[in-house]
Amino acid sequence: MKITYNSTRNKNEEVTASQAILRGLATDGGLYVPSSIPKLDKTIDELVNMSYKEVAYEVMKLFLNDFTEEELKNCIDKAYDDKFDTEDMVQLVRADGMYYLELFHGKTIAFKDMALSILPHLLTTSAKKNKVNNDIVILTATSGDTGKAALAGFADVDNTEIIVFYPKDGVSPIQEKQMVTQKGKNTHVIGIKGNFDDAQNGVKEMFNDKKLNKLLKDKGYQFSSANSINIGRLVPQIVYYVYVYTLLVGAEEIKNGDVINVVVPTGNFGNILAAYYAKRMGLPIAKLICASNENKVLYDFFESGKYDKNREFILTQSPSMDILISSNLERMIYSIAGMDDKTTAKMMNDLKKKGAYTITEDMKMRLMDFIGMYADEETTSKTIKDVFDKSEYLIDTHTAVAASAAYDYKAHLNDEHPIVIASTASPYKFTRSVMNSLNKDYDKMSDFELVDEMEKISEVKVPEAINEIRTADILHKTVCEKEDMVKEVKKILAID
């Protein structure tokens, strides 16, 4: 089946996979979605014997079907190489009756590595396929993890520039240091005086600014995105869930055909949307448990059917989830609206103008695969300590939000299906919050003293990603008002 991509706000806008990857955002401001969700064409028994790279090919070939086998395998081989500290990129750990899918063994110790490692290769291949001669400017907003993973992926990639905006006071100290020490002649990092939503809105406005885009084109540039609004970021994430199922079957933890539940800590809704796509491809997933922190806009949405960003923005110890506008939810809205682009466009317009929209009862019924859960700050810290005390397994703050949701779900619903928790970051990335959860006395230590203490108590080696920033020079020092984001982009690209 030939899959093309349509805009969520205008289904008449139809492009190939490579064109969708190149553009990032649709011309009308919508997100690209596949015209249909393909079924897996390999059985689980066949996939069980495959490596992560081989499973990645079998999943991604179904969505990116204007790539040749050689092109796609080349992208996969370049992405999933020795930058990962485990042979097969991901690890499955059983702790206290739950299965933790560790997605943080890449260069920046967060799950974004898994999808962002391949995006530069998909993008440059797409440019060649479509005979694009412009330099590509990757414009990205980050709540902490996407930024560093994108910078690492695109650093010194020919014919690209990457510009990352992050909330100056809204990421962890280690997340910030990872970004501002990034080397590469084409890398640019800018802190903004605002929150993640301000950064994300600023980036989206630049994508939709026709005058700015014409100026870029005249100067030999064009925008693309490394955020999960880019379908080239979203499709590789589907692989996680197919692969974890094969791991469970291969380890005889479950039988082929057994149903599992999946818990994903999410703010922007991309990672859990990937799990939903995996389910629609035929993977035996029962419930998709959407775990939120105190910025529980998604939890409230699943409870009430109303998406409302008109609330206090809370800075939490799980900053990658400190988001009030979950961009990827738009793809889900389009799906539950029966691929009705007009309804989707109206709701997104209501969100922009009023800060809220409400789905119909029919649409709400189509969300029955999902359940929302959330953890406040105290519960998140308590979960880190409880898991460590019970199993000597140390998890980060985001994974703790998901673990809390998993325990709540198991306690309150009569569902004995195995639970897989997407473990999205190494505890070393949020050292202070994690160690303070174990003992408040740790707060007296410096960041890197805490790193060394974490190594002692967890018996997990300090990742190279942390060691390399201990003495690294600060290379990116720009901070701007959120209103000045366009000015900074023009300055970097020397255009006006």
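Bear in mind that the values here come from a model prediction, so they are computed numbers and not experimental data.
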cation_pi(Lys279, Tyr241) dist<6.0 Å, angle<=45: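 Here Lys279 fails the 6.0 Å and 45° test against Tyr241.
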With Lys390 as the cation and Tyr407 as the aromatic partner, state whether NZ or CZ is under 6.0 Å from the six-membered ring centre and within 45° of the axis. yes
Side chains of [X] and [Y]: do they bring a donor and an acceptor to under 3.5 Å?
X	Y	answer
Thr8	Glu330	yes
Asp45	Asn256	yes
Thr108	Asp113	yes
Lys429	Gln175	no
Thr397	Ser318	no

Pairing of [X] and [Y] as salt bridge, 4.0 angstrom limit:
X	Y	answer
Glu71	Lys128	no
Arg311	Asp300	yes
Lys382	Glu378	no

Donor-acceptor pair, [X] side chain versus [Y] backbone, under 3.5 Å?
X	Y	answer
Gln200	Ile325	yes
Tyr428	Glu455	yes
Lys61	Thr68	no
Ser458	Met454	yes

Give a yes or no on this: more than 12 heavy atoms of other residues, nucleotides or ligands lie within 6.0 Å of atom [atom1] of [X].
X	atom1	result
Lys287	NZ	yes
Met50	CE	yes
Glu392	CD	no

Answer with yes or no after comparing the ring centroid distance for Phe370 and Tyr276 against a 6.0 Å cut-off, counting only values under it. yes
Check for me whether the distance between the ring centres of Tyr299 and Tyr374 falls short of 6.0 Å.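 For Tyr299 and Tyr374, the ring centres are under 6.0 Å apart.
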Could you tell me how the ring of Phe63 sits relative to the ring of Tyr277: parallel (under 30°), tilted (30 to 60°) or perpendicular (over 60°)? parallel
How many angstroms lie between OG in Ser437 and CD in Gln317, if you round to the nearest 0.5 Å? 5.0 Å
Atom CD in Glu294, atom CG in Asp376: separation rounded to 0.5 Å?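 Nearest 0.5 Å value for the CD-CG distance: 5.0 Å.
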Could you please spell out the steps behind the salt bridge (charged side-chain N to carboxylate O under 4.0 Å, His left out) verdict for Asp369 and Arg280? CA-CA 11 Å; Asp369 290 339; Arg280 286 185 58 189; over 6 Å; no
With sequence neighbours excluded, residues passing side-chain hydrogen bond (donor to acceptor under 3.5 Å, both in side chains) with Asp341: none
